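This structure is a prediction, so every number in the text was calculated from the model and none was measured. Atoms within each ligand, like the ligands themselves, are counted from 1 in listed order.
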Amino acid sequence: MHRIHNYHLADQSEWDVIIIGGGATGLGTALDAASRGLKTLLVEQSDFAKGTSSRSTKLVHGGVRYLAQGDIGLVKHALKERGLLAQNAPHLVHKEEFIIPCYDWFSIIKYFTGLTLYDWLAGKFSFGNSKYLSKQKTLNLMPGIKAEGLKGAISYFDGKFDDARLAVNIAQTATEQGATLINYMKVVRLLKQGDAVVGVETEDMITKASFKLNAKVVINATGVFVDEILQMNNPDAKKMVRPSQGVHIVLKKEFLNSESALMIPKTTDGRVLFAVPWHNHLLVGTTDTPLDEHSLEPRALKEETDFILNTAGAYFKIKPIEKDILSVFSGLRPLAAPTDANGNSTKEISRDHKLMISAKGLITITGGKWTTYRRMAEETIDLAIKHTGLASKACQTQNLKIHGVLMVDDDNYLNIYGSDRTNIEALAKQQPELQEKLHPDFPHIAAEVVWAIRNEMAETVEDILSRRLRILFIDAHAAIQMAPKVAKLLAKESGADQSWEQDQIEIFDTLANGYIYHAAKKETQAS
Ligand code: FAD
């Protein structure tokens with residue numbers, strides 16, 4: 001899958017479906033549409049999963065918190081989707097044990113009861129039963145948590161994944177099903193005939209070429225950007241989305257020193273906080289901060305990182321401090337705003353998705369969760385078929401395997417590529433110079449970069465270090481150190497000159513500085 005190979009837009013007369021947005025929702029929708037035999041195009045203004053879909057807590061889950069809020073239907077559907085994802089993408093979705101440490105007996109009873117209900121709701125898609133752990137067992141499994149006053153813990157099972165990697169693999173699956181997907185292609189205008197939307201005008205963000213593309217139905221799957229598309233249709237359209245920012249920090253895994261994840265069940269703002277082992281590090285988050293504006297690179301507020309450090313610090317034996325933060329990133333929840341949007345707390349706003357026909361020929365889908373992307377896509381294409389009368393099959397995705405599907409039993413880090421692992425190894429064998437490591441502290445080799453350029457539509461240093469390899473999200477300083485090697489490989493593969501290579505490094509450094517915690521950044525500059 002290469003961007004240029006997909007680039008035969010100009011000669012297409014009419015698409016059945018054009019999808020705007022290459023996050024979880026749009027990619028899932030492209031896969032659903034193509035697998036039903038529809039002529040499908042997806043355009044993404046940046047890279048796949050550049051938006052919220054690379055910035056999640058990495059949980060494939062029913063949502064224990066929504067259970068506490070009594071949203072049983074939402075949890076049950078999500079648990080089924082969790083099971084389907086584990087079945088269709090076992091190389092990316094893994095079972096994880098979550099530990100809720102309890103410092104009073106009442107909590108033990110309360111969480112055991114709630115999580116037993118959670119297991120029961122999963123039915124045949126259960127990941128395993130919740131159980132009580134004694135104090136000693138808890139500390140054996142998670143030596144990094146505070147022992148003082150600990151009565152024991154409740155352990156339950158949920159799913160963990162790599163969000164941006166799943167996005168890339170869904171994009172590849174959609175391509176294999178016949179869809180055309182193009183990154184760095186932005187919708188700048190909707191084409192209209194009277195009140196009906198009949199296509200889109202796009203601008204290539206790299207070449208600046210523009211295209212007018214017709215479709216029987218246009219699907220707006222742009223996450224927190226949905227209102228911009230809706231306003232292209234009707235400048236007076238009421239806002240559908242209220243963004244809510246969620247921040248994560250990444251620490252060394254030694255803070256918990258555990259294979260299991262920590263779940264802090266009640267924070268001072270009435271939420272939950274997770275500390276999840278992820279790519280040999282510890283991902284801790286998140287927050288829920290209502291915002292009035294949105295962007296592709298939202299920035300964490302100091303009060304959000306303080307909140308995460310303090311909340312985790314109350315449970316960790318060694319309290320993490322600012323200079324321990326290896327990377328900090330934030331994402332925006334495209335929460336569906338209620339029709340009478342006047343509340344300030346986004347916690348009150350629905351976590352379920354919102355699907356609507358916005359105009360003749362324009363469908364909008366937003367909200368929901370990564371976990372439920374498949375079901376959201378199914379509902380969207382069902383509606384599109386009903387709305388346009390397109391001839392098509394029933395949904396095919398319940399048992400459709402995701403690109404790379406493979407069950408593996410060793411713990412090689414390349415397993416995240418699933419069946420592509422052997423291709424990357426073969427590439428490194430053919431060209432031994434590609435066995436070179438990108439950084440002494442990380443296992444990644446040059447062959448992965450070349451693979452991403454040739455097969456995963458990676459166009460920039462950022463695409464590779466942020467979303468193909470996840471280094472920027474794991475350790476921003478290390479990512480900056482890797483950038484020159486990655487830029488060189490990119491320039492060589494694409495035949496670009498040295499000034500392009502230099503520009504790529506500079507652009508990436510500026511971006512990556514935003515992932516370095518502020519106080520730490522000052523220290524680095526001073527030293
Ligand atoms: P996005 O991923 O934002 O995609 C929208 C895309 O549209 C963007 O890539 C954007 O560039 C593109 N776009 C916008 N305008 C245009 C245009 N004019 N032309 C072309 N393209 C355009 N869910 C879970 O299941 N598990 C979790 O653990 C979890 N954790 C989360 C933690 C946080 C902090 C947040 C914020 C969300 C979390 N979620 C989680 C929810 C999940 O991440 C989102 O529901 C999901 O990623 C939304 O995907 P999306 O495709 O709708 O939006």
*Asks:* Any idea which atoms of ligand 1 are less than 4.0 Å away from a heavy-atom of T371?
*Replies:* 24 (C), 25 (O)
*Asks:* Below 6.0 angstrom between ring centroids: does that apply to F473 and W278?
*Replies:* no
*Asks:* At a 4.0 Å cut-off, with the gap strictly under it, does some heavy atom of M185 reach an atom of ligand 1?
*Replies:* yes
*Asks:* Using a 4.0 Å heavy-atom cut-off, say whether I20 meets ligand 1 through its side chain, its backbone, both or neither.
*Replies:* side chain
*Asks:* Within the structure, is a non-hydrogen atom of V224 found at a distance of less than 4.0 Å from ligand 1?
*Replies:* no
*Asks:* At the 4.0 Å heavy-atom cut-off, does T366 count as touching ligand 1?
*Replies:* no
*Asks:* For the backbone of D463 and the side chain of S466, can you confirm whether one donor and one acceptor N or O come within less than 3.5 Å of each other?
*Replies:* no
*Asks:* Is it the case that ligand 1 has an N or O less than 3.5 angstrom from some N or O of T25?
*Replies:* yes
*Asks:* Checking contacts here: is it the side chain or the backbone of F225 that comes within 4.0 Å of ligand 1, counting heavy atoms only? Could be both or neither.
*Replies:* side chain
*Asks:* Without hydrogens or angle criteria, can the side chains of H248 and T57 be said to hold a donor-acceptor pair below 3.5 Å?
*Replies:* yes
*Asks:* Report the member of K50, R333, K186 with the shortest heavy-atom distance to atom 35 (C) of ligand 1.
*Replies:* R333
*Asks:* What I want to check is whether the side chains of H294 and D227 have a donor and an acceptor closer together than 3.5 Å.
*Replies:* no
*Asks:* Between T52 and ligand 1, is there a nitrogen or oxygen pair with a distance under 3.5 Å?
*Replies:* yes
*Asks:* Quick one: does E44 get an N or O within less than 3.5 Å of an N or O on ligand 1?
*Replies:* yes
*Asks:* Can you figure out which of G23, S53, G223 has its heavy atom closest to atom 48 (C) of ligand 1?
*Replies:* S53
*Asks:* Do any N/O atoms on W370 end up under 3.5 angstrom from N/O atoms on ligand 1?
*Replies:* yes
*Asks:* Check whether any N or O atom of A24, backbone or side chain, sits under 3.5 Å from an N or O atom of ligand 1, and answer yes or no.
*Replies:* yes
*Asks:* Between A78 and ligand 1, find which residue part has any heavy-atom pair under 4.0 Å and reply side chain, backbone, both or neither.
*Replies:* neither
*Asks:* Which ligand 1 atoms are under 4.0 Å away from a heavy-atom of K58?
*Replies:* 28 (O)
*Asks:* Between ligand 1 and S46, is the shortest N or O to N or O distance under 3.5 Å?
*Replies:* no
*Asks:* Please determine if D47 has a nitrogen or oxygen closer than 3.5 Å to a nitrogen or oxygen of ligand 1.
*Replies:* no
*Asks:* Would you call I229 a ligand 1 contact, heavy-atom distance under 4.0 Å?
*Replies:* yes
*Asks:* Within the structure, is a non-hydrogen atom of E228 found at a distance of less than 4.0 Å from ligand 1?
*Replies:* no
